[in-house]
K.L.:
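Quick one: the structure is below, questions incoming.
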Amino acid sequence: MAELIPLLRAIVGDAHVLARGQAPATDLAPFETDWRKRYKGIASAVVRPGATKEVAEVVRACAAAGVAIVPQGGNTGLVGGATPDPSGTQVVLSLTRLNRIRAVDADNLTLTAEAGCVLQQVQQAADGAGLLFPLSLAAEGSCTIGGNLATNAGGTQVLRYGNARDLCLGLEVVTAAGEVWSGLSGLRKDNTGYDLRQLFIGSEGTLGIITAATLKLFAKPAARLTAWVAVNGVADAVRLLGLAQRRLGAELTGFELMNAEALALVGRHHPQLAVPLAGSSRHAVLLESSDAESEAHARQRLEGLLADAIGAGCAQDAVVAESLSQAATLWQIRESIPLAQAAEGLNIKHDIALPASAIAAFCDEAAALLAHTVPGARLVNFGHLGDGNLHFNVQAPAGTDAATFLRQHEAAVNHAVYEAVARHGGAFSAEHGVGQLKTQELARYEPPVALAMMRAVKAALDPHNLLNPGRVLGPAPKIGPT
Ligand code: FAD
Ligand code: ZN
């Protein structure tokens, strides 16, 4: 390692290699801890290249020294994938200096951005060209497009526009051997062999370093409306979803569920946000529609849907935001839930996906199991119901110590929840990935044939296990010099 650091300095410049006890004096802690402060590692150095060529040289230098690399973007991931291990040997490769929008091709409806561009910056660049980049999540002010692609991020617009995977047409990647694959195609049809881009998307930094991406843009809707709907339970919310899909079709762009516990936490930690229709139901749905025609048309269709939903008994009450600022406040309530949960203390998170037809039965079964396993624990259930994706989180009973609760009950709670997810045909990770948090679940719930194929892909693309070792597939053979 002592020999590697001067080499890294020579590649990216002294100012961009941060190492403990060396100039420039920097606190490495923000790079060594995850957003939830659940994992704490020790990096041998943090390297911040400013160009793809530098990334490739850094990877080659690390490979020659047999030093593992942990890619990091905005460090907002929720499964510990960007945190180095505690060995003090791993290099954190921070991509945030690769932050240029390389091109906007309005005729082709594409934008090419470097991996370290913050998601909001990409949205703004699209907006500046009169177009829409629809990926949207609460961390958009700090997560990067490279991290979004590496985790195949979801968010609140998946229902209409798909996951990060569906929004990417081309990638530039630095391989584990330090070669640059320039696959920045803006083509919508391209059947020239295996689709390598899709291998890297969602691979959480274990197969290659994403340095740039060509992304799909869309026409901006003429109007966007947001409604807050009080519903009596998950089953009614699923019925409302079906009705909204049939009535609004592609106009339905968001469908978020929140239970009463989730809204109570927002009330406690963000009291400035007034939750509408409070007290009138056990759950709320945030529904967004987008219209290509006009606001009047959108309002007529949305209000018609909501009146029928109330008539059919799957909604209790509803309000439609009258202004953009009211709509923004409704979204802020939804997006404050993870922050309110974090303020309340560590909790046991489950980012799960289920078929829509199984969601209500799953929720009933899991709630009953948890009432038995951890009496008094608070079930904070919210998420992107339109995609069958719930954040089914378990918070310590009010007034008890969260860390102790986690220590004592995390394994049993995870077992109860994930077994129920499997019984209902679901997935233990929907949009956050596997990282280091869920490697055991991957080993338990993925079929052996699938695991063998994943290991074969990893071995082919990263034979020396240099890139984010131990993440996704779990511990693997020790790395050695290449
Ligand atoms: P990081 O956290 O830095 O890294 C994530 C993973 O990707 C790590 O394994 C890392 O090694 C790898 N990686 C990062 N950059 C690269 C690269 N250039 N090349 C290769 N590998 C790389 N996620 C959702 O999907 N939907 C949500 O709605 C959502 N909401 C969130 C709300 C909050 C408040 C927070 C804190 C997080 C939320 N997340 C959500 C999780 C997180 O924001 C996403 O996973 C995001 O995509 C991570 O991007 P990042 O740049 O922060 O990546
Ligand atoms: Zn989410």
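Each ligand, and each atom within it, is numbered from 1 in the order the structure gives. Here the structure is a predicted model, which means the values were calculated and not measured.
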K.L.:
Does atom CD of Gln198 have more than 12 heavy-atom neighbours from other groups under 6.0 Å away?
P.N.:
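Atom CD in Gln198 is packed in, count exceeds 12.
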
K.L.:
Check Arg38, His432, Glu431 against Leu78 for a side chain to side chain contact (heavy atoms under 4.5 Å, CB included) and give me the one that passes.
P.N.:
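It is His432, the one option of Arg38, His432, Glu431 that forms the side chain to side chain contact (heavy atoms under 4.5 Å, CB included) with Leu78.
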
K.L.:
Which residue pairs pass the side chain to side chain donor-acceptor pair (under 3.5 Å) test with at least one member in residues 202-213, sequence neighbours excluded?
P.N.:
Glu172-Thr211

K.L.:
Any idea which heavy atoms bring Ala377 and Val394 closest together, and the distance?
P.N.:
CB-CG1, 3.9 Å

K.L.:
State plainly whether the residues Arg36 and Asp34 are in salt-bridge range, i.e. N to O under 4.0 Å.
P.N.:
no

K.L.:
May I ask you to say whether Arg444 pairs ionically with Glu419, meaning some side-chain N is under 4.0 Å from a carboxylate O?
P.N.:
yes

K.L.:
Among Leu461, Leu207, Ile209, which residue satisfies the side chain to side chain contact (heavy atoms under 4.5 Å, CB included) criterion with Leu467?
P.N.:
Ile209

K.L.:
Compute the centroid of each ring, for Phe255 and then for His384, and state whether the two points are separated by less than 6.0 Å.
P.N.:
no

K.L.:
Sort out the contact shell of ligand 1: every protein residue with a heavy-atom distance below 4.0 Å, listed by chain and number.
P.N.:
Trp35, Pro71, Gln72, Gly73, Gly74, Asn75, Thr76, Gly77, Leu78, Gly81, Ala82, Leu95, Ala115, Leu137, Ala138, Ala139, Cys143, Thr144, Gly146, Gly147, Asn148, Ala150, Thr151, Ala153, Gly154, Gly155, Glu204, Gly205, Gly208, Ile209, Ile210, His384, Glu431, His432, Asn468

K.L.:
What protein N, O or S atoms come within a distance below 2.8 Å of the Zn ion (ligand 2), ordered by chain and number?
P.N.:
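Metal shell, protein only: His384 NE2, His391 NE2, Glu431 OE2.
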
K.L.:
Can you list every pair that meets ring pair (Phe, Tyr, Trp, His ring centres under 6.0 Å) and has a residue in residues 51-79, with sequence neighbours left out?
P.N.:
none

